[in-house]
Chemist: 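My structure is below; once you've seen it, I'll send some questions.
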Number of protein chains: 4
Amino acid sequence: MRKKQNIIRAAIHLFASQGFDGTTTLQISHEAQVTEPLIYYHFKGKEDLFTCILEKAFVDYFSLVDGLPSDTATQFERIENLINLHFDVIAERPDETFLITSTCPAKLNDLDHICANNIERQRNVLNGYLCDNLTAGIGSGEFAPVPVPETAVLIMAMISGLVRRRSLKYEDIDSVRRAAIDFLRRSLVQ
Amino acid sequence: MRKKQNIIRAAIHLFASQGFDGTTTLQISHEAQVTEPLIYYHFKGKEDLFTCILEKAFVDYFSLVDGLPSDTATQFERIENLINLHFDVIAERPDETFLITSTCPAKLNDLDHICANNIERQRNVLNGYLCDNLTAGIGSGEFAPVPVPETAVLIMAMISGLVRRRSLKYEDIDSVRRAAIDFLRRSLVQ
Amino acid sequence: MRKKQNIIRAAIHLFASQGFDGTTTLQISHEAQVTEPLIYYHFKGKEDLFTCILEKAFVDYFSLVDGLPSDTATQFERIENLINLHFDVIAERPDETFLITSTCPAKLNDLDHICANNIERQRNVLNGYLCDNLTAGIGSGEFAPVPVPETAVLIMAMISGLVRRRSLKYEDIDSVRRAAIDFLRRSLVQ
Amino acid sequence: MRKKQNIIRAAIHLFASQGFDGTTTLQISHEAQVTEPLIYYHFKGKEDLFTCILEKAFVDYFSLVDGLPSDTATQFERIENLINLHFDVIAERPDETFLITSTCPAKLNDLDHICANNIERQRNVLNGYLCDNLTAGIGSGEFAPVPVPETAVLIMAMISGLVRRRSLKYEDIDSVRRAAIDFLRRSLVQ
DNA sequence: CATGAATGAGATTTCATTCAT
DNA sequence: GATGAATGAAATCTCATTCAT
């Protein structure tokens, strides 16, 4: 089963760096050191392989987000946790993280394809998390009275912009992390 | 001549929504209401068409950024101008703007392909603008003493995250714009 | 009318160096410094252009061969004249000469296309000339009793081999010419 | 594996009768009774197929020429062997032999493409063989004092003229062979 | 005469996928 | 599980030719 893992690893890497359409099954088989038909033994096809990868990536991601504590001392701690979570996944699995932040390949965009579904769901989850959090913080007087949905959009944009910035891998990721948290604190906490 | 413009328009739209590899020359010709070979009369090939589009988009973009005034009353005005500029281009030309914020198709990633070059250059221009601006603002006491390069990365991430958020078109873009400016002001100005 | 000549010149050059199928009408128009449609103003098409060139080349060639004197003092003089004629045309018009020695493009090989016809006719003319000549020379005792049709084939092979040897242009063509005549004399005259 | 051979056989036949540019991959696949993409499974492309064929043909040809004995009783025997070798290959593999005597397709004429290289090499090998042979024969008094390089050119021209004369297949090839040897003997041996 | 723009037909090549073993 | 060989469908691109002016 090591070979199946090789296929998945190679596919993650290639899909993240070349896109779904830009990656051929031959490239995957080469990078995975297997022959092409083996891909079809383990998966129904290229699309299925992609779907499996994304599904797994989303499940892992959602379980992390779901695991974030909701009973923190301050509301800002929840923001902090969210930022830290994303910096952690960028550091540990940059390719998967990049994939779940990408737009779904046009071909797979059937209204309820797993890919489109999950991207939508991810957005909703993050949005819910942030809106709740902001509303609570503003209510308690911890946060300045910022417009809630718009600010959620901004924070999500910053997160996705950071995930997509591939050079983050090579930059001093921890100082950016600290700067991000301070940046948000100054803006939100009054 | 009108037909050449049709081709370009169709290609911008399709490349932005499906990616370079996900778009076929046949699709482009259909959407442009021309025959396929006409694409090859006006451009050397699919890649050349893509390159021409990107080059133009970058030139337009850079000339806007270069046109931003540097002698504003406050340093924050410069930040404000930069944000406004990006919200304007998102509103006016969402597809081109999306394209110049995307990663270059792997195949074109020869170290000095126009595409890779310009993406690099864009990053440097924005980075230079922000670093200068932040340093000056901190020096004059207008801005809080934030870490300069890291904060520049954060602001760029937010901008690119916003550009890539296609639904912005349908959201109340002006309230997001105002929220963004206020958000940054609170974080930076002391 | 100068432009028509340019087209013909360019076509001769390109057909001779790249073959009929290997030459595009665009290449011809470039080398002739005209636009493509002009080729179609002067000729019915690429094939017609090729045909015209070949027809002219064959007419010129045949008129030279027909002009060779038949009432020479010796039979070997006739051989000598034939060889000299070919060395002259190689020197003066290497490309046309190459073309009339080439095989007809497969596509034009309708049984009685001018091209196929003329190639056949050329062979017959040369063959007739040589067979007559050899028969007469052997009959008069001037030539050794060689087998007539086979020897005609050999001499024709040598001539066509020389015409096709493009580097002849750069070699000392006159010493090869003399060597050829001496070579044939030693072999034939007894 | 049988199918790969079919492709090669069909390609040899078609390239020899229609030229490289005049032959389409579809024609090859039809004649080989395979589908077109199979050509691309076994070869990198049309050009690669052509190159492989020529390479093999040249290797076979060179090994035959290299195998000719150099220690014959007379120098003329060496000439005789060379002529016989060429009549043998014409009889056995007329298409390959025609191909290696043809000019290289213009497109492949990169200064050191295998095709151009081998054509050059072939010329040098034959030329070396004949010059050595003629010089030795003249030195020993076996041959008349003919000009060496020019006579080599003439003999090579005759050989290539014969190889290219496709109708040789149908003519009485053995009588032409004998005539050629006698022809050369009379001209050279004194 | 001359040309810029355009096209139908077809050539080369790629690619996801399957088959036979 | 695994593979070498094979293929249908389609993508990119070329080219001789024509049209409108």
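Here the structure is a predicted model, which means the values were calculated and not measured.
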Chemist: Can you tell me the distance, in whole Å, between the CZ atom of D:F50 and the C1' atom of E:dT13?
Modeler: 19 Å
Chemist: Quick one: label B:T24 by what it contacts on the DNA or RNA (base, sugar-phosphate, nothing), any heavy atom closer than 4.0 Å.
Modeler: sugar-phosphate
Chemist: Quick one: on DNA chain F, does B:P37 or A:P37 contact a more 5' nucleotide (nearest heavy atom)?
Modeler: A:P37
Chemist: Are any of A:T25's side-chain N or O atoms less than 4.0 Å away from OP1 or OP2 of E:dC15?
Modeler: no
Chemist: Could you tell me the separation between the NE2 atom of A:H30 and the P atom of F:dG4, rounded to a whole number of Å?
Modeler: 11 Å
Chemist: Would you mind reading off the distance between C:E36 atom CD and F:dT18 atom P, rounded to a whole angstrom?
Modeler: 12 Å
Chemist: Using a 4.5 Å cut-off on heavy atoms from C-beta on, say whether the side chain of A:P105 contacts that of A:E47.
Modeler: no
Chemist: With a 4.0 Å limit, can you tell me whether B:Y41 has a side-chain N or O closer than that to the phosphate oxygens OP1/OP2 of E:dA5?
Modeler: yes
Chemist: Output the rounded distance in Å from CG (A:L14) to C1' (E:dC15).
Modeler: 15 Å
Chemist: Would you compute the distance between atom CG of A:D95 and atom CD1 of A:I53 and round it to the nearest 0.5 angstrom?
Modeler: 10.0 Å
Chemist: Report yes if the side chains of A:I12 and A:R9 come closer than 4.5 Å at any heavy-atom pair, otherwise no.
Modeler: no
Chemist: OP1 or OP2 of F:dT7 sitting under 4.0 Å from any side-chain N/O of D:K3?
Modeler: yes
Chemist: Could you tell me the separation between the SG atom of A:C115 and the CZ atom of A:F58, rounded to the nearest 0.5 Å?
Modeler: 6.5 Å
Chemist: Rounding to a whole Å, what distance do you find between C:L26:CG and E:dA6:C1'?
Modeler: 14 Å
Chemist: Between atom CD1 in C:I39 and atom C1' in F:dA16, what is the gap in whole Å?
Modeler: 10 Å
Chemist: Classify the nucleic acid contact of C:S29 as base, sugar-phosphate or nothing, counting any heavy atom under 4.0 Å across all strands shown.
Modeler: nothing
Chemist: Just to be sure I understand the rule, does D:K4 reach a base, reach only the sugar-phosphate, or reach nothing, if contact means heavy atoms closer than 4.0 Å?
Modeler: nothing
Chemist: Starting from the 5' end of DNA chain E, give me the residue, D:K46 or C:L38, whose nearest nucleotide shows up first.
Modeler: C:L38
Chemist: What distance separates B:F62 CZ from B:Q122 CD, expressed to the nearest 0.5 Å?
Modeler: 5.5 Å
Chemist: Please determine whether a side-chain nitrogen or oxygen atom of C:H42 lies at a distance below 4.0 Å from atom OP1 or OP2 of E:dC1.
Modeler: no
Chemist: In this structure, how many angstroms lie between the P atom of E:dT12 and the NZ atom of D:K44, rounded?
Modeler: 18 Å
Chemist: Considering just the side-chain nitrogens and oxygens of C:Y40, establish if one lies under 4.0 Å of OP1 or OP2 belonging to F:dT18.
Modeler: no
Chemist: Quick one: on DNA chain F, does C:F20 or D:Q33 contact a more 5' nucleotide (nearest heavy atom)?
Modeler: D:Q33
Chemist: May I ask which nucleotide in the shown strands pairs with F:dA9, Watson-Crick or G-U wobble, both distances under 3.5 Å?
Modeler: E:dT14
